[in-house]
Amino acid sequence: MADPKNRPPLRLLALLLGLAACEHAQPFEAPPVPTVTGPLSPGNPTRLTYNPGEDGLPVWAPDGSYLLYQAENLNRSDKDRCLFLIPPTGGTQTLEACDDALHSEDSTNVFGPAAVSSTGRVILYEGAEPIGLGAQTSAGMYLAPRLPLMSATELLPLPLVIPGGALADKLMSLQWVGDSGFLSLGVQTQVYIPCFLCTPDTLETGVGVVWTRLGNGSPAVSAVPGTARASSYAFVSPDTVYFTLNGDPRILRTRVGGGPVDSVFAFPAESTDAPVGFRTASPAIARGVQVLGGVLYAITGGRIEYHPDSGSGEFQRDWGGKLHKVALATGADSLVSVSSGNPQKSVSSVWLHNPTLSSTGSLTAEGRPVTIVMLYSPTNQFIGTDTIIPRSTNLWQYGHP
């Protein structure tokens, strides 16, 4: 592993220096824009952000006082993805990390996902890719002493070979365990082009849950035994890991240090979205597991593609799905996601991806408002459905679902 290195100050430092140089009062200076807190339009779920690009990878502060998330900057040709902070129920965003090359737009710089420990330390992913390539040419996991991010030290260069043989291009779903280490989901990145004229899509398929211990020397990286091919996970103190697998309907459970792998719940086959009488059962694929106080949340349905062998291994492509709530003591499963509209004509709902649960029970995720239109022939025979899915994602939240 390369020696740790200090990252140059981020864009935020340049902004702060500029503000310091202009600290004296100016004549006819406009008053500052008031800070906004709370959602623009309350509801269930509530939409928290309105970026025309992609907002995603949310994570809660340990005390639930704010959310960190990644936002795509469409004002630049390189469409950098920057790290922002937002109040817990939405409002004015605050820039935390972005490209420090103010005028360089030759590559897409990516900041996040990130996570903050109970003492304020920040672990985050940072990478860069030439415009149009769709794959990172430089990437690593960095450690910063606090927010806002003025500088950061590289902990792990990526890609990373996880003990056991799996290769991870990126570590996602970061979760501090105390202040001495963090869990993450190792993912492998593939550039997917579904047709000749189609826009390339970057797929991130889970390869396992990773445990990284920090110390005075080099970080010690190990795989959580039994979690190979994990697509999501949730940590419950002191040492329990719930997880899902690519292409699988089950919620599994083990311990960070290894042990038996138990199946705690399995989602049954589910009906497709179509008028009554035309619905067919399809296998469920569970993902996005979160657990708090004996209640488990997970996502199934929506639109997801699982390919067990694409020529270079399996991959899973996920546009989001419907949120379920499961009582672990009884196994009772209820659907949290709600739909609106006429089931014979069209229905609308919000499909969720990459959920994160606060310590008080609020669930935030990437969300897409989706409309499913029922298609009929001129003789009023049902043909099928047309699903309207926006390209961009924003943050949506269920308060105590």
Inter-residue atom distance [X].[atom1] - [Y].[atom2], 0.5 Å rounding:
| X | Y | atom1 | atom2 | answer |
| --- | --- | --- | --- | --- |
| N73 | F111 | CG | CZ | 12.0 Å |
| F235 | T240 | CZ | OG1 | 7.5 Å |
| I299 | H324 | CD1 | NE2 | 9.5 Å |
| Y398 | L357 | OH | CG | 13.5 Å |
| L158 | L171 | CG | CG | 5.5 Å |
| E96 | L124 | CD | CG | 11.0 Å |

Which atoms form the tightest heavy-atom contact between [X] and [Y], and what is the distance?
| X | Y | value |
| --- | --- | --- |
| V373 | S346 | CA-CB, 4.1 Å |
| L296 | A298 | CD2-CB, 4.1 Å |
| G186 | A168 | CA-CB, 4.0 Å |
| A284 | P268 | CB-O, 3.4 Å |
| P58 | A365 | CG-CA, 4.1 Å |
| L335 | L323 | CD1-O, 3.4 Å |

Determine yes or no for a side-chain-to-main-chain donor-acceptor pair under 3.5 angstrom, with [X] supplying the side chain and [Y] the backbone.
| X | Y | value |
| --- | --- | --- |
| N394 | T49 | yes |
| S117 | R121 | yes |
| S231 | R287 | no |
| T227 | A230 | no |
| T244 | S232 | yes |
| E314 | H307 | no |
| D169 | T189 | yes |
| W176 | A115 | yes |
| Q316 | G247 | yes |
| Q188 | L167 | yes |

For a side-chain contact (heavy atoms from CB on, under 4.5 Å) check, start with the C-alpha distance between I383 and S377, then their side-chain angles and the critical distance, and finish with the verdict. CA-CA 6 Å; I383 299 173; S377 70; 4.0 Å; yes
Listed by chain and number, what are the salt bridge (charged side-chain N to carboxylate O under 4.0 Å, His left out) partners of D262, not counting sequence neighbours?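 Salt bridge (charged side-chain N to carboxylate O under 4.0 Å, His left out) check on D262 returns R253.
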With sequence neighbours left out, what residues match R250 under salt bridge (charged side-chain N to carboxylate O under 4.0 Å, His left out)?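 Listed in chain order: D248.
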Could you walk me through whether E366 and N354 pass the side-chain hydrogen bond (donor to acceptor under 3.5 Å, both in side chains) check? CA-CA 6 Å; E366 302 169 15; N354 287 330; 2.8 Å; yes
Are R303 and W319 in a cation-pi contact, defined as NZ or CZ under 6.0 Å from the six-membered ring centre and within 45° of the axis?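 Judged by the rule (NZ or CZ under 6.0 Å from the ring centre, within 45° of its axis), R303 counts as positioned above W319.
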Determine, for D333 against K325, whether the closest basic-nitrogen to carboxylate-oxygen distance falls under 4.0 angstrom.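 Result for this pair is no, no salt bridge flagged.
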Using 4.0 Å as the upper bound for N to carboxylate O, is an ion pair formed by R391 and E72?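 Counted as a salt bridge, because a side-chain N and a carboxylate O are separated by less than 4.0 Å.
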Could you check if a side-chain atom of [X] sits within less than 4.5 angstrom of a side-chain atom of [Y], using non-hydrogen atoms only?
| X | Y | result |
| --- | --- | --- |
| T254 | V224 | yes |
| Q175 | V59 | no |
| F278 | T272 | no |
| V241 | W211 | no |
| V264 | Y242 | yes |
| L68 | L147 | yes |
| L95 | F84 | yes |
| K170 | E204 | yes |

Working for side-chain contact (heavy atoms from CB on, under 4.5 Å), residues W351 and I389: CA-CA 9 Å; W351 287 357; I389 308 176; 3.7 Å; yes
Go through the side-chain N and O atoms of Q93 and Y69 and say whether any donor and acceptor fall under 3.5 Å apart.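 There is such a pair between these side chains.
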Going by distance alone, is a donor N or O of one side chain under 3.5 Å from an acceptor N or O of the other, for D63 and S65?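 Side chains of D63 and S65: pair found under 3.5 Å.
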Are the aromatic rings of F265 and F267 close, with centres under 6.0 Å apart?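 Here the rings of F267 and F265 have centres that are less than 6.0 Å from each other.
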For the pair E270 and K322, evaluate salt bridge (charged side-chain N to carboxylate O under 4.0 Å, His left out) and give the outcome as yes or no after the intermediate values. CA-CA 11 Å; E270 49 199 356; K322 301 173 183 178; over 6 Å; no
Going by side-chain contact (heavy atoms from CB on, under 4.5 Å), Y297 matches just one of L363, L352, L292, V291. Which one?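 Testing Y297 for a side-chain contact (heavy atoms from CB on, under 4.5 Å) against L363, L352, L292, V291 leaves exactly one candidate, L363.
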Walk me through it: do V221 and V210 pass the test side-chain contact (heavy atoms from CB on, under 4.5 Å)? CA-CA 7 Å; V221 178; V210 181; 3.6 Å; yes
Can you list the steps and then say if T371 with S348 is a side-chain hydrogen bond (donor to acceptor under 3.5 Å, both in side chains)? CA-CA 4 Å; T371 300; S348 297; 3.1 Å; yes
Can you tell me if CZ on R255 sees more than 12 non-hydrogen neighbours from other groups inside 6.0 Å?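 12 or below, so no.
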For a side-chain hydrogen bond (donor to acceptor under 3.5 Å, both in side chains) check, start with the C-alpha distance between H353 and T393, then their side-chain angles and the critical distance, and finish with the verdict. CA-CA 9 Å; H353 183 48; T393 58; over 6 Å; no
K345/M374 under side-chain contact (heavy atoms from CB on, under 4.5 Å): CA gap, chis, key distance, verdict: CA-CA 5 Å; K345 295 182 178 180; M374 311 302 164; 5.6 Å; no
